[in-house]
Amino acid sequence: MSSERYDFSAIEKKWQKRWFADRTYEPDLTGAEKPFYNLMMFPYPSAEGLHVGNMYAFTGADIYGRKKRMEGYDVFEPIGLDGFGIHSENYALKIGAHPMKQAKISETRFYEQLSAIGNGFAWEEKLETYDPKYYRWTQWVFVQLWKHGLAYRKKQAVNWCPSCKTVLADEQVIAGKCERCGSEAEMKNLEQWFFRITKYVDRLLANLEKIDWSERVKIAQRNWIGKSEGALIKFSIFNSPFSIDVFTTRPDTLYGATYVVLAPEHPLVATLPIKNRAEVEQYVKAAARKSEADRIAEGREKTGAELKGVKAINPANKEEIPIFIADYVLATYGTGAIMAVPAHDERDRDFARAFDLPVSDAPLVDGRKVVKEVGGKWETNFRLRDWLISRQRYWGVPIPMIFCEACAAAGKGEQKGMPGWYAVPEEELPVELPYVEDFRPKGKGESPLASAPEFYRAKCPGCGADARRETDVSDTFLDSAWYYLRYPSTRSVRGEQIPWDPAITKKWFPVNLYTGGAEHSVLHLLYVRFIAMVFHDLGFLHFEEPFPKFRAHGLLISEGAKMSKSKGNVVNPDEYISKYGADVLRMYLMFLAPFEQGGDFRDASIQGIVRFLERVWRIFQNGSVGERDPLMRTLHRTIKKVTSDIEAFQYNTAISALMILANEMETAGSSEDVREAFLKLLAPFAPHLAEELWERMGHTTSIHREKWPLYDEALVHEDTFPLVVQVNGRRRATIEATRGIMKHEAEELARADEKVGRALAEGEVKTVVYVKDRLINFVMKSI
RNA sequence: GCCCAGGUGGCGGAAUGGUAUACGCGCAGGACUCAAAAUCCUGUGGCCGCAAGGUCUUGUGGGUUCGAGUCCCACCCUGGGCACCA
């Protein structure tokens with residue numbers, strides 16, 4: 001018996017090096033016969049390094065991919081860095097570094113860490129979003145949207161983060177706060193670039209029914225899209241040519257509408273002949289100053305102002321009713337005006353109470369009929385708004401647009417309604433982000449690039465006159481909205497001339513499995529679907545849903561709370577990898593709870609996995625027992641369980657099954673066959689150890705390219721089963737019985753049991769329920 | 001307020017409507033050791049009992065069923081998401 005120690009550190013380093021040199025995880029991108037694209041959300045290297053939560057996510061995805069590879073698929077598991085954008089820039093600001101230099105440092109660090117976790121990454125196809133070779137195509141994506149009328153510029157009230165000093169998309173404002181830094185977002189009226197995601201709203205919603213995604217993520221997208229069906233009803237204004245269109249989902253309450261409310265920003269406010277103009281304008285101004293957060297902080301007490309001198313007419317009962325403006329009505333939803341029904345709507349009731357308005361007790365009517373009677377029109381509204389792309393920051397993809405004063409004055413331009421604006425010609429891409437010493441956000445609604453004349457000076461692509469480049473950069477979520485399309489084409493010869501190679505794309509898409517965090521439900525996962533639909537419609541992609549199967553992993557918490565630096569409970573994987581090894585950490589993370597559930601990281605129980613892998617090591621140090629094998633049935637049961645558990649992302653129970661098998665191998669001994677099969681089952685979870693023991697068994701090729709074991713259904717069960725005998729549903733005995741016995745045989749066996757006999761003697765048997773190969777239940781008459 | 005997910009031993013968790021508590025952690029006792037660590041063995045939900053055994057137990061209360069952690073109804077609690085969207 002050898003007593004060689006399990007030197008995980010040497011073993012893991014050895015195999016990581018060998019796999020890389022042997023290109024073990026590099027599929028043949030052009031010739032693969034059974035492509036399987038196993039994609040995981042790439043990390044943003046914003047902080048000190050990889051988070052144990054990243055490792056949790058990557059390991060879970062990798063296990064699935066490793067099994068697929070062993071099932072004969074050509075698995076492609078790429079990795080990269082989402083290193084452009086506010087998160088990386090904020091980190092650079094915090095540590096006083098320049099983001100362009102810091103990116104290189106973070107890159108080295110992240111790639112080192114990502115190498116150490118033992119995933120089957122296809123390193124040759126890695127990409128970084130801040131690489132001009134990559135963002136050249138991000139700009140190209142922008143240009144395509146522009147050319148097809150899906151990118152436009154518009155002045156409107158937008159979210160502004162006073163700390164990040166930039167505008168934000170609606171999706172990046174969480175409960176009134178900036179998604180990145182947590183500052184309260186303000187509203188500002190600014191001219192910005194938008195993507196017309198709302199054009200795709202119907203498909204974004206309808207396709208959710210067709211894709212296999214974690215249900216909670218689908219629900220989040222549905223809520224965010226916020227479809228509601230209702231009616232558009234016209235309220236004319238007494239003695240006036242004007243009228244107000246309102247949107248309501250409850251036309252059946254029309255008789256109870258006792259006043260009308262406009263959003264403070266509603267255009268009619270300026271037009272109507274209002275008597276108390278000064279008072280109204282004061283309210284409009286006050287409302288404009290308020291941030292979302294302010295409004296929430298006020299406890300939603302209703303404020304507003306009556307528009308004196310005008311009255312609206314309820315089209316149902318022809319009554320004259322007052323008109324108000326109030327900030328509880330949003331300018332950006334519906335028509336920016338509502339009919340108020342204080343009897344049926346809580347918000348209207350609150351407002352009516354604050355302003356002492358009468359509440360009507362008019363009964364409900366048939367909504368369909370009343371809409372017809374008053375000449376209303378059925379309409380569907382969505383809460384989803386267009387995607388705000390501009391950011392007044394430095395560290396991002398420059399928006400590839402040029403504005404020409406001369407053309408604007410002459411009304412010339414590339415797109416209707418956008419005089420003076422031209423896309424940078426595609427052959428001139430990328431518009432490279434220049435190194436700028438003072439990259440800090442300025443807070444004046446302009447990017448730092450607006451202070452760099454050598455950057456913004458350009459010639460107009462239309463007329464050749466001196467013109468000015470757009471100086472804002474694009475939202476980071478644009479970088480990640482198409483990255484998955486680039487991976488397989490990064491090394492393609494044609495990848496120099498086109499963003500994604502059509503032949504390779506046809507072969508590898510759509511992505512077979514996408515794994516990532518649920519926190520991106522309405523951010524990344526919505527944008528990426530939108531961009532895919534656009535390129536599908538433009539004929540560049542053969543699919544419109546990029547990820548037919550998506551699984552959200554659970555959240556890994558620590559000490560009962562979400563890991564965060566301020567709480568000081570962030571777990572760094574490095575120390576665990578150096579102390580226990582990547583295989584132990586991988587298995588520990590996967591063992592603590594179901595993958596889709598997440599769990600609490602406690603190092604106390606990591607010892608169980610340490611013991612397990614050391615036991616496995618020990619088993620393989622001892623010789624095998626030869627041909628006759630007592631473990632065949634346990635083995636086949638384990639193969640079945642591990643196979644189906646991996647498919648269902650239930651890695652915790654798969655590991656438990658492996659433990660049971662290993663325990664039996666240690667006590668009963670195991671043959672070569674059992675050992676080989678065991679190592680294969682272990683390989684996705686502990687790839688280094690499995691590979692090492694595989695080699696020591698005399699194999700010269702990688703276990704990760706071996707065939708996944710198959711089970712024999714006939715061997716999954718024992719010949720006997722424990723027959724549970726119940727009397728009135730209470731267990732009285734357990735008898736070893738032959739599988740497949742008939743009811744009368746089981747009954748005979750059961751009656752022969754002394755305790756059962758005693759229980760049956762107490763009454764008369766009414767019925768006997770027999771569940772094959774499981775239990776028999778005597779139901780007594782007395783009950 | 002609305003929408004999800006969940007509530008099971010001291011802890012993480014396991015259970016196609018069919019032996020609740022698999023697997024692991026922890027704990028207790030034992031073996032090995034001069035000793036410790038490591039390892040191995042045994043035990044480990046509560047209550048009653050010397051024991052055999054009995055009995056109760058999956059957030060609470062009802063229901064369906066021969067049989068409910070699992071299905072139905074009501075409620076309580078925790079975590080997450082959305083939130084003045086008409």
Side-chain angles (χ1 to χ4, degrees), chain A residues 174-176 214-220 222-224 226-228 230 246-250 253 257 261 263 292 295-296 298 300-302 326-330 332-341 344-348 350-351 381-385 518-519 521-522 554-555 557 560-562 587-588 591-594 596-612 614-615 618 650 652-660 662-663 666-667 722-734 755 766-780 783:
Chain A
I174 315 288
S214 299
E215 197 54 33
R216 57 193 161 127
V217 173
K218 287 210 230 178
I219 287 164
R222 247 178 242 129
N223 291 344
W224 186 260
K227 180 178 182 167
S228 57
V246 306
F247 174 73
T248 178
T249 53
R250 296 289 308 277
T253 64
V261 189
E292 289 288 319
R295 294 192 193 180
I296 292 164
E298 281 166 15
R300 292 179 189 178
E301 266 172 46
K302 297 289 181 283
D327 64 7
Y328 82 92
V329 174
L330 306 175
T332 45
Y333 183 77
T335 61
I338 61 155
M339 62 178 215
V341 186
H344 291 285
D345 186 285
E346 205 183 324
R347 296 154 300 182
D348 298 343
D350 292 345
F351 187 83
N381 265 307
F382 297 92
R383 348 158 340 140
L384 181 71
R385 320 260 164 88
E519 69 272 19
S521 300
V522 294
L555 187 66
I557 59 174
K562 196 171 166 172
M587 290 197 80
Y588 168 65
F591 186 58
L592 58 83
E596 292 182 79
Q597 181 187 304
D600 203 345
F601 186 98
R602 284 158 203 244
D603 38 347
S605 39
I606 204 166
Q607 204 53 43
I609 299 291
V610 172
R611 286 188 193 130
F612 171 65
E614 281 183 345
R615 170 172 301 146
R618 225 182 304 122
Q650 277 153 12
N652 57 333
T653 47
I655 292 170
S656 144
L658 288 171
M659 287 172 167
I660 292 169
N663 288 346
E666 189 173 44
T667 45
L723 173 69
V724 173
V725 184
Q726 295 182 337
V727 177
N728 284 335
R730 309 185 78 91
R731 187 170 60 92
R732 291 296 157 184
T734 308
K755 269 175 289 181
K766 195 170 72 180
T767 26
V768 180
V769 178
Y770 179 58
V771 183
K772 191 165 173 275
D773 295 348
R774 207 172 283 268
L775 67 73
I776 187 162
N777 186 11
F778 295 91
V779 186
M780 308 296 281
I783 47 160

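In what follows, every chain begins at residue 1, and chains take the letters A, B, ... in the order their sequences are listed.
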Check: Parallel under 30°, tilted from 30 to 60°, perpendicular over 60°: which one fits the rings of A/Phe601 and A/Tyr588?
Finding: perpendicular
Margin query: Between A/Arg611 and B/U39, is there a contact of a side-chain N or O with OP1 or OP2 at under 4.0 Å?
Written below: yes
Margin query: If the cut-off is 4.0 Å, is A/Tyr333 near the phosphate of B/A86, judged by side-chain N/O to OP1 or OP2?
Written below: yes
Margin query: Regarding A/Thr332, tell me which of base, sugar-phosphate or nothing describes its non-hydrogen contacts under 4.0 Å with the strands shown.
Written below: nothing
Next item on the list: Would you mind reading off the distance between A/Glu519 atom CD and B/G79 atom P, rounded to a whole angstrom?
Entry: 19 Å
Distances under 3.5 Å between protein N/O atoms and the N/O atoms of nucleotides 45-49 of chain B, please, pair by pair.
none

Next item on the list: Identify the two heavy atoms, one from A/Ile557 and one from A/Asp600, that lie closest to each other, and give their separation to 0.1 Å.
Entry: O-OD1, 3.2 Å
Note to self: Keeping A/Asn777 on the side-chain end and A/Val769 on the backbone end, is there a donor-acceptor pair under 3.5 Å?
What the structure shows: no
Margin query: Below the 4.0 Å mark, does B/G53 have OP1 or OP2 next to a side-chain nitrogen or oxygen of A/Arg730?
Written below: no
Notebook entry, point to check: Is A/Arg615 near enough to B/C40 that one of its side-chain N or O atoms lies under 4.0 angstrom from OP1 or OP2?
Noted result: yes
Next item on the list: Classify the glycosidic conformation of B/G49 as syn or anti, calling it syn when the angle lies within 90° of 0.
Entry: anti
Note to self: In whole Å, I'd like the distance from the CZ atom of A/Arg774 to the P atom of B/U19.
What the structure shows: 7 Å
Next item on the list: Give A/Ile174 one of three labels, base, sugar-phosphate or nothing, depending on what nucleic acid heavy atoms sit under 4.0 Å from its own.
Entry: sugar-phosphate
Check: Looking across every strand, which nucleic acid part, if any, lies under 4.0 Å from A/Arg222 by heavy atom: base, sugar-phosphate, or nothing?
Finding: nothing
Note to self: Side chain of A/Ile660, heavy atoms from C-beta onward: which of B/C84, B/C66, B/A22 has the nearest atom to it?
What the structure shows: B/A22
Next item on the list: Would you mind reading off the distance between A/Arg731 atom CZ and B/G54 atom C1', rounded to a whole angstrom?
Entry: 12 Å
Note to self: Quick check: any donor-acceptor pair below 3.5 Å linking the side-chain of A/Lys766 to the base of B/C66?
What the structure shows: no
Next item on the list: Would you please enumerate the stems RNA chain B participates in, each stem being three or more consecutive Watson-Crick or G-U wobble pairs with both distances under 3.5 Å?
Entry: B:1-7 with B:76-82, B:10-12 with B:23-25, B:26-31 with B:39-44, B:45-48 with B:53-56, B:59-63 with B:71-75
Note to self: Closer than 3.5 angstrom, by distance alone: can the side chain of A/Ser656 be matched with the main-chain N or O of A/Asn652 as a donor-acceptor pair?
What the structure shows: no
Notebook entry, point to check: Does A/Asn663 reach the side chain of A/Arg615, with side-chain heavy atoms less than 4.5 Å apart?
Noted result: yes
Item checked: Summary of protein contacts for nucleotides 2-15 of chain B, nucleotide by nucleotide, where a base hit scores B, a sugar-phosphate-only hit scores S (4.0 Å, heavy atoms) -> -SS------SBSS-
Margin query: Please check if the number of heavy atoms outside A/Glu215 that lie under 6.0 Å from its CD is greater than 12.
Written below: yes
Notebook entry, point to check: OP1, OP2 of B/A83 versus side-chain N and O of A/Arg383: anything below 4.0 Å?
Noted result: yes
Notebook entry, point to check: Heavy atoms under 4.0 Å, any strand shown: does A/Ser605 hit a base, just sugar-phosphate, or nothing?
Noted result: sugar-phosphate
Notebook entry, point to check: Within the structure shown, what part of the strands sits under 4.0 Å from A/Arg732 by heavy-atom distance: base, sugar-phosphate, or nothing?
Noted result: sugar-phosphate
Next item on the list: Would you classify A/Asn663 as touching base, sugar-phosphate or nothing, given that sugar-phosphate means primed atoms plus P, OP1 and OP2, and contacts are heavy atoms under 4.0 Å?
Entry: sugar-phosphate
Notebook entry, point to check: Is any side-chain heavy atom of A/Val610 less than 4.5 Å from a side-chain heavy atom of A/Gln607?
Noted result: yes
